[in-house]
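First comes the structure, then the notes that go with it.
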Amino acid sequence: MNKSPESRIKELREIINKHNYNYYVLSDPKISDFEFDALMKELQSLETAYPEFADPNSPTERVGSDLSKDFELVQHHYPMLSLGNTYSEGEVRDFYERTVRSLNESFEIVAELKYDGTSISLIFEKGILVRAVTRGDGTKGDDVTANVKTIRSIPLQLFGAGYPDLFEIRGEILLPWTEFERLNKEREVQEEPLFANPRNAASGTLKLQNPTVVASRKLDAYFYYLLGEDLPFDTHYANLEAARSWGFKIPDVIRKCTSLEEIFAYLTYWDKERKNLPVATDGVVLKVNSLRQQKNLGFTAKSPRWAIAYKFQAERAVTRLNLVSFQVGRTGAITPVANLEPVQLSGTMVKRASLHNADIIAGLDLYIGDQVFVEKGGEIIPKIVGVDTDSRSIQIGEKVRFIKNCPDCGTPLIRAEGEAAYYCPNEEGCPPQIKGRIEHFVTRKAMNINIGPETVEDLYNAGYIQTPADLYTLKTNDLLRLERWAEKSAENFRKSIDASKQVPFERVLFALGIRYVGETVAKKLAYVFHNINCIGKATIEQLMGVDEIGDRIAQSVVTYFSSLKNKELVTRLTEYGVQMCLSEDALAERSDKLVGKSIVISGTFSKHSRDEYKQMIEQHGGKNVSSVSRKTDFILAGENMGPAKLEKAEKMGVKILNEGDFLKILEK
Ligand code: IVH
């Protein structure tokens with residue numbers, strides 16, 4: 001007999017959860033990606049057909065789709081403390097001996113790796129993930145549940161039984177090295193600032209407003225600490241093992257030690273071996289195993305007395321500073337780069353190091369020819385952390401000072417108040433800025449025109465292009481005069497220029513390269529103002545009225561459109577057929593009926609799916625947020641609205657609308 005849709009949905013969720021676990025936690029997939037996708041598709045279509053069986057913890061929810069600007073600040077039930085840190089084996093010995101004296105009985109120490117990401121606390125009720133909170137200030141953190149749900153190695157629903165009805169589990173959210181490198185390559189192409197290390201990338205990602213982007217970044221999470229009134233075992237180690245059986249990724253490198261020798265052996269082994277791990281680590285954490293003994297040892301104001309973190313020394317090398325060069329980006333920002341005598345560091349040859357900004361340079365008091373200390377503590381771009389002043393000779397070179405004029409066009413640099421970076425203001429005449437803007441204009445996510453930076457350089461040097469608009473008037477003969485160009489490539493170029501005229505307005509707006517107007521902001525501006533003229537005429541106040549647009553972006557947009565050259569560029573692009581307003585279709589589906597409204601969706605619906613409601617809210621200018629707060633305008637409630645949400649809404653006096661009421665608002 002065929003299964004009922006409800007039981008098949010349930011079964012599929014269990015099967016998929018298990019396969020997710022095999023793949024993301026155990027790294028041991030049992031079925032092909034193709035088979036996995038087929039299961040997901042089956043579940044997705046059943047859930048769409050039977051929305052009454054929707055479940056916020058279904059594996060289909062992991063793609064993340066709700067937009068929430070404000071994270072709700074929530075109180076930690078148990079404060080999130082930090083650990084006492086040390087870099088010295090002597091202090092590890094002191095910690096051990098102190099523990100011997102304080103406990104006056106035998107004890108075990110659990111040695112674990114210290115993962116270098118961003119900490120997270122998950123709350124599980126009856127085996128279901130109900131909330132994920134960042135560390136925040138240790139007592140209150142941000143509720144980032146929607147984002148955390150996109151992390152595939154985090155179980156949304158636990159396996160087996162034996163877990164307490166209510167508990168917290170803490171761990172570290174990490175961006176694996178390979179993902180970190182991929183992300184930074186992508187950002188380099190987009191001229192977006194690079195993440196200095198996977199830790200910053202992980203915490204930045206976790207705080208993004210759009211869970212769909214979070215989902216695309218492939219975060220991972222390792223867990224190391226359980227809290228609750230009725231944990232199953234009386235040792236830390238046994239509880240972690242239990243948590244592993246419920247589906248959490250508990251590192252399998254944790255070890256029980258009963259002597260200082262074993263502890264030191266663990267430190268020495270992992271100081272080397274950690275370089276082969278897929279994620280960043282920066283030390284070892286030592287914890288007293290017995291929960292009773294932990295309780296006896298207690299806490300100081302800041303950290304537990306039953307644990308200590310031993311940090312690995314960041315790898316460091318000494319080399320000669322040959323030169324400091326200054327690069328100009330497409331927005332005119334100046335980046336100082338140290339050129340070094342090549343030196344081996346953490347397995348790679350280092351020739352360049354970041355000097356970040358003028359303040360860092362001034363703080364280092366650098367001279368050309370100095371012997372400098374270079375570190376690569378999890379950073380992709382090594383940095384100079386100090387100068388060996390003792391080795392400075394009399395023949396030392398010049399003092400390194402931040403430049404006052406643009407290295408390319410000579411224009412005096414400016415620095416906006418409160419900003420670390422200097423800019424070259426000669427937007428219209430500074431070659432790297434001109435070329436950079438054209439390179440940005442043609443990228444895949446912008447106009448997707450089929451040429452790379454080398455061609456832009458050649459075309460610019462040959463005097464054929466000065467602005468992105470010139471691409472549209474290039475003659476085939478001009479192209480053929482360049483090296484590496486033939487009929488075929490010229491034709492491909494023509495085709496991609498033609499295709500670019502169909503690129504939707506929001507991408508055109510992004511392609512213009514207005515400072516601080518990335519893809520998301522461009523979309524928002526396009527949907528609120530509909531066309532380039534309205535954006536160009538908008539005042540700072542009107543721009544700041546748009547969700548997520550603050551004074552920095554608003555000011556930048558106004559400045560952009562106050563330039564005659566920019567206005568001319570827009571006019572020319574319009575003449576050539578580039579889209580300067582939202583398409584009829586995009587417009588027909590939109591209104592501003594919900595502008596400024598913050599809306600929570602809860603329960604299951606019969607007329608549209610949850611995702612469709614989310615989309616409608618956005619299309620009509622509203623904001624879908626995940627949790628009820630005083631700022632919520634109303635709750636769109638279906639059947640079986642969560643009791644916690646209902647109670648909160650009633651307490652805060654937030655309006656509750658049903659499907660019918662909501663659709664009526666849109667019809668009006
Ligand atoms: S235990 C009360 N174990 O290091 C102590 N923390 O400075 C709870 N961390 O905030 C933390 N790996 O973000 C613990 N194996 C590990 C860890 C670890 C990384 C982080 C965590 C914590 C910080 C403490």
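Residues take their numbers from the sequence shown, with the count starting at 1. Whatever order the structure lists ligands and atoms in, that order sets their numbers, starting from 1.
- Looking at Thr118 against ligand 1, nothing comes within 4.0 Å, counting heavy atoms.
- Around atom OH of Tyr87, no more than 12 heavy atoms belonging to other residues, nucleotides or ligands sit under 6.0 Å away.
- Shortest contact from atom 10 (O) of ligand 1 to any protein heavy atom: Ser119 OG, 3.8 Å.
- Close to ligand 1: Leu113, with a non-hydrogen atom less than 4.0 angstrom away.
- Between the side chains of Ser119 and Arg135, not a single donor N or O lies within less than 3.5 Å of an accepting N or O.
- Ring pair Tyr96/Phe107 is tilted by interplanar angle, where 30° to 60° counts as tilted.
- Residue contacts with ligand 1 for Val285 involve side-chain atoms from C-beta outward but no N, CA, C or O (heavy atoms, distance under 4.0 Å).
- For the 3.5 Å distance criterion, the side chains of Glu181 and Asn184 fail to qualify, holding no donor opposite an acceptor.
- The protein atom (non-hydrogen) at minimum distance from atom 15 (N) of ligand 1 is Glu112 OE1, 2.8 Å.
- Using a 4.0 angstrom heavy-atom cutoff, Pro304 counts as in contact with ligand 1.
- Considering only non-hydrogen protein atoms, atom 8 (C) of ligand 1 sits nearest to Tyr225 CD2, 3.7 Å.
- Taking atom 12 (N) of ligand 1 as the reference point, the nearest protein heavy-atom neighbour is Tyr115 N, 3.0 Å.
- Arg552 forms a cation-pi arrangement with Tyr516, by the criterion of a distance under 6.0 Å to the ring centre and an angle within 45° of the ring axis.
- The protein non-hydrogen atom at the shortest distance from atom 18 (C) of ligand 1 is Tyr224 CZ, 3.3 Å.
- Between Leu277 and Trp177, the closest heavy-atom pair is O-CD1, 3.6 Å.
- Looking at atom 7 (O) of ligand 1, its nearest protein heavy atom turns out to be Leu83 N, 3.1 Å.
- At the shortest separation from atom 23 (C) of ligand 1 among protein heavy atoms lies Lys114 NZ, 4.1 Å.
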- [ ] Show your working on side-chain contact (heavy atoms from CB on, under 4.5 Å) between Ile173 and Thr134 and close with a plain yes or no.
- [x] CA-CA 10 Å; Ile173 295 196; Thr134 63; over 6 Å; no
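- Annotation: atom 13 (O) of ligand 1 to nearest protein heavy atom, Glu172 OE1, 2.7 Å.
- Listed here is the closest heavy atom pair of Asp116 and Glu172: C-OE2, 4.2 Å.
- Close to ligand 1: Lys287, with a non-hydrogen atom less than 4.0 angstrom away.
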